[in-house]
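Since this is a predicted model, take the numbers as computed values, not measurements. To find a chain, count down the sequence lines: A is the first, B the second, and so on, and within it residues start at 1.
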There are 2 protein chains.
Amino acid sequence: MVTIRDVAKLAGVSPSTASRVMNDSAMISEATKQRVRQAMKELDYSPNYSARNLVKRHANTIGIVLPVRENQDFLGNNPFFMQLIQGIASVCTEHQFMVSLATGRTEEEMMTNLQNLIRSGHIAKFIFLYSKKNDPVFQFMLEQDVACVVVGQSYGQPTSQVAFVDNDNYRAGQDVATFLLDKGYTQICYAYTDMNELVQADRYAGYEEVMRDHQRPSYAMMLSRVDSEKNEQTLRSFLQKNRQIQAFITCDDAMAIRLQKLFKALKISSRRYAIISFNNSVLAEMAMPSLSSVEIFPMELGQTAARLVLNQTGQEEIAHITHEIIERDSTPNLQQPS
Amino acid sequence: MVTIRDVAKLAGVSPSTASRVMNDSAMISEATKQRVRQAMKELDYSPNYSARNLVKRHANTIGIVLPVRENQDFLGNNPFFMQLIQGIASVCTEHQFMVSLATGRTEEEMMTNLQNLIRSGHIAKFIFLYSKKNDPVFQFMLEQDVACVVVGQSYGQPTSQVAFVDNDNYRAGQDVATFLLDKGYTQICYAYTDMNELVQADRYAGYEEVMRDHQRPSYAMMLSRVDSEKNEQTLRSFLQKNRQIQAFITCDDAMAIRLQKLFKALKISSRRYAIISFNNSVLAEMAMPSLSSVEIFPMELGQTAARLVLNQTGQEEIAHITHEIIERDSTPNLQQPS
């Protein structure tokens, strides 16, 4: 039976240092950690997690908190979450941490489940895959002795207990507006579903600022995620009032495809308006014409969230992940009328 | 501190029975389990998982084995997996089991991670989210003292150690063929990417049998998932040789949308051919025209897999989950030429 002493000897460190590496202590340098992990690997050393947990009450598992599932389809239809989870899992695996999922059908069920996970002693670090104002689940977690990383818009300041990881949605909104302006479009409308969603509001604010800077008007049109008949009326009357419109920025790929379908229903050519959207999901490539869209790198969001929660050393942090416009057929250069 | 004795007293059972319920023993009736769980709830009793694991080496966690991630995008772009995981998590939560994820970039990494999970003592029950012939990861697990449920096509017979959960893909293939025949279509082609994928082969076999029963010909056309130029040639020459074709069955929604795009590229009206596909993913609704597609109920697949692995009592089992054709615009009744 290989012991921690054997690992320490091979790595040329003291047993207590080796043990600290296993606990991913912030006091140990990355170089030493690498050396100890290499030794663990060579000796095929696998710590007895149960024994360690009982003795040290030390957590070797990251808990992933999914949004409460009110709508059965929401998570499944959103590839974003699976990519986030993959990113988290890849970093945890590297650091010999396990990944557990916390789910619940209601907020009460979720809180009970989280309490059980915390009491079990394995988990003291959690990653929230969503950000919601006045979330009772998150409030509950703040009262526990755990560290949290939230993927999404920060509410309030980060603390030693809570960090945030997100895309810079304001900046992304600026970037798509600039992208369309550079292509010759000046009359651009932002199509959204709910400005209470901070992501949508931030992207709008970025777009709006760029339009103002270029002394161009801003337009906003609210569409429904479900009621396509109402959307048809909304779009028809919007276009009648604003015949000068040349392009649309939509809050996500699904909304862009809804817009394409509305054009079809109103017998408007699919090439009449440029469209750019966000998320660069599988839908963007499938659309006709294929959609220019903003890649938001969910794998990296997950990886960064995991690194933050594993190394959380009391530093307050809001991490921003980059984004990138992927250009496809829906945003050709504007043909000037001759 | 509430003990297992308090729980047993309130439930009116012996402490050893209460303990067996906590271990989800097959020897205890569902009614007794319910009573004990109710008592645990009323007393807010949370077992000390670590202590139990150390003493009893009893596992209270289900491990979910994801496909090895060769292609970073594969999982993320496949909503199926997230829905499976949700189904598994909901049942595990009900039974006070935790859910851990096993991931790896290579088969070797995956096996190391699985070994660590097993050695840790928490996990002796696993659910594979994929089924692949001659999979070294699965072979490795067969040599361990663990119970597995595989979501997907069964290879070989189930044993006391391995059960399978799947849709009845052969039946689903029969059903879509019958559906199109009932609508008046008689010249129907199956468009696939890889008959080595058992799902695709089974669906084809079901379709082929129904066509034979109705004394109608079968057609199969292989398309690529990536090379759309080659696909254009394949489709053009297939349609030249088979002018009588009226409808397509595609192996999944993404392939159906590819086919729609190919029609567009070849200047064929999107209404010229009926199309029906499988999976009823978010893509089906987004397509133009929207796609009739077979719902395969991934949430239920996950729930059934979890129930099977939790109650696995040495019974050999292959469970089949139902499916359902969701009718949309891509399969109108065939207009007979007048």
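- In this structure, CG on A/Leu101 lies 8.0 Å from OG on B/Ser100, to the nearest 0.5 angstrom.
- Between A/Glu94 and B/Arg105, the closest side-chain pair of non-hydrogen atoms falls below 4.5 Å.
- In terms of non-hydrogen atom pairs under 4.5 Å with chain B, the most contact-rich of A/Thr93, A/Leu283, A/Thr112 is A/Thr93.
- A/Lys41 does not touch chain B: none of its heavy atoms, backbone or side chain, sits under 4.5 Å away.
- Taking every heavy atom of both residues into account, A/Lys261 and B/Glu285 meet most closely at NZ-O, 2.7 Å.
- In plain terms, the two heavy atoms of A/Thr103 and B/Ser90 that are nearest each other are OG1-N, 4.5 Å.
- Interface residue A/Ile257: only side-chain heavy atoms are found under 4.5 Å from chain B.
- Only the backbone of A/Ala287 comes within less than 4.5 Å of a heavy atom in chain B; its side chain stays farther off.
- Taking CD of A/Gln86 as the start and CZ of B/Phe81 as the end, the distance is 9.5 Å to the nearest 0.5 Å.
- Between B/Met288 atom CE and A/Met286 atom CE the span is 13.5 Å, to the nearest 0.5 Å.
- If you measure heavy-atom distances from B/Ile85 to chain A, the contacts under 4.5 Å come from the side chain alone.
- Residue-environment remark: CD (B/Glu143) exceeds the threshold of 12 foreign heavy atoms within 6.0 Å.
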